[in-house]
Number of protein chains: 2
Amino acid sequence: MPAALDATEKAEIVSRLFAAFRDHGYEGASLADLSRVTGLGKSSLYHHFPRGKEQMAEVVLEQGKAFIQSAVADVAHAPEPLKTRVDKIIAAFNALYAGGKNPCVLGRLSLSDAGPEARKLGQEIFAIWTEAVADLAAESGLSRVQARQFAEDWIARIQGALILSASTGNCGPFERAMKPLSDLAAGPASPVGRAASKRRHPPS
Amino acid sequence: MPAALDATEKAEIVSRLFAAFRDHGYEGASLADLSRVTGLGKSSLYHHFPRGKEQMAEVVLEQGKAFIQSAVADVAHAPEPLKTRVDKIIAAFNALYAGGKNPCVLGRLSLSDAGPEARKLGQEIFAIWTEAVADLAAESGLSRVQARQFAEDWIARIQGALILSASTGNCGPFERAMKPLSDLAAGPASPVGRAASKRRHPPS
DNA sequence: GTCTATAATAGGATAGAC
DNA sequence: GTCTATCCTATTATAGAC
């Protein structure tokens, strides 16, 4: 029974809420679930989050926003070689999504009915994510419009790959989805999709 | 008060359940919601679907499976020019997803906790969808392995684009996601992503 | 800050009349 | 086949002791 909840403990609680919403969605995660995973009674949860489940979802999205800011946006603009920054970002996503085995809490909460504040946060996160990746793409030589489309398409592909692997267990789409970003730092701009180099037979 | 529910009326009910699950997810669509959108009392719903909400989700997925079978798989193997088949499939998805404005009921129900039968149905639908698209890609000249990856990556990109547009309102990612399939029928195999043709400045 | 206990309501599901 | 009425449980949320 800790007298006060220090920053570390608070972060641990939010991290467990994060995993619960990620794995079960907003409507699918009940207060009983959230109580169990955090080890706190319902009343204690309400002590920390007076507005209840909705606020818990918002705090989880705040953590997601902080992740994108620090592990993507800040890294993208760091004074390091492009390849280094790109590799760091890919490593961060590989960890966050466990190589494709974890769903995306942002994708799930964005669709669910978690209230207007959560909605706004989701949009902000996608915006920060998109801008950061677009900056990398532009740096690698794409026009501003192309870079923005590259970013949107790359993020979309990741989100969809996580749905597929959650349903089918196949992480291949997620692994391949990392490649276009990786290719930004290596040679001519590659498209979001895998380069289709070899044809078995030419089109008639 | 119709004496019996003919096939048309049944299809109409399933169609409305489809829209409800698509827009609110499995956990997010309450029996009260489903009762309202179908115009049937709860008891009437249980008359048609004795196993309740879970069965309703399964029936909705059956409809999704039928859609993929008829509008994608059957079309893909029809005796028509490749371009014709591809255009028909794209038109079908444009209608299903309203140009990117509708979420994907398959993507939503696949993640939710709608029971083992629904899970299995989701996997089957993704499998049929993947095989059909892979056949088209192989026909256009890709190797079997490349064709399967093309299909997985294309489907992932669509699923993710629908999440993005649901959150941000931007349908651009969905519209661009259609292009790789369209390109299958026009010239050399294009990748899943947009071809990054022009560089503003060559990589150093 | 955490707990037990409890309210208040919504959710899924059923009974039985018509 | 549909309805009204009801049941039971889970869910969100609060009260108040410690």
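In what follows, every chain begins at residue 1, and chains take the letters A, B, ... in the order their sequences are listed.
Straight-line distance from the OH atom of A:Tyr26 to the C1' atom of D:dT11: 12 Å, rounded to whole Å. At whole-Å resolution of the value, CZ in A:Phe49 and P in C:dG1 are 12 Å apart. Taking atom NZ of residue A:Lys42 and atom P of nucleotide C:dA5, one finds them 13 Å apart after rounding to whole Å. The nearest whole Å value for the distance from the CG atom in B:Asp113 to the P atom in D:dA10 is 15 Å. Whole-Å rounding puts the A:Leu31 CG to C:dA7 P distance at 19 Å. Here C:dG12 presents its P atom at 13 Å from CZ of B:Arg36, a figure rounded to the nearest Å. Separating the CD atom of A:Glu27 from the C1' atom of D:dT12 is a distance of 14 Å, rounded to the nearest angstrom. The nearest whole Å value for the distance from the CG atom in B:Leu34 to the P atom in C:dG12 is 8 Å.
Positionally, the nearest nucleotide of DNA chain D for B:Ser44 lies more toward the 5' end than for the other of A:Arg51 and B:Ser44.
The aromatic rings of A:Trp129 and A:Trp154 stand perpendicular to each other, their planes meeting at an angle above 60°, with 30° marking the opposite boundary. Taking the six-membered ring for Trp and thresholds of 30 and 60 degrees, B:Phe21 and B:Tyr26 have nearly parallel ring planes, at less than 30 degrees apart.
For the pair B:Lys10 and B:Phe49, the cation-pi criterion (under 6.0 Å, within 45° of the ring axis) is fulfilled.
Evaluation of atom-type donor-acceptor distances gives no pair under 3.5 Å for the side chain of B:Ser43 against the base of C:dA13.
A distance-only check finds no donor-acceptor pair linking the side chain of A:Ser110 to the backbone of B:Ser167 [under 3.5 Å].
Between B:Tyr46 and C:dA13 there is a side-chain N or O to OP1 or OP2 distance below 4.0 Å. Taking only side-chain nitrogens and oxygens, A:Lys53 comes nearer than 4.0 Å to OP1 or OP2 of D:dT12. OP1 or OP2 of C:dT14 has not a single side-chain nitrogen or oxygen of B:His47 nearer than 4.0 Å.
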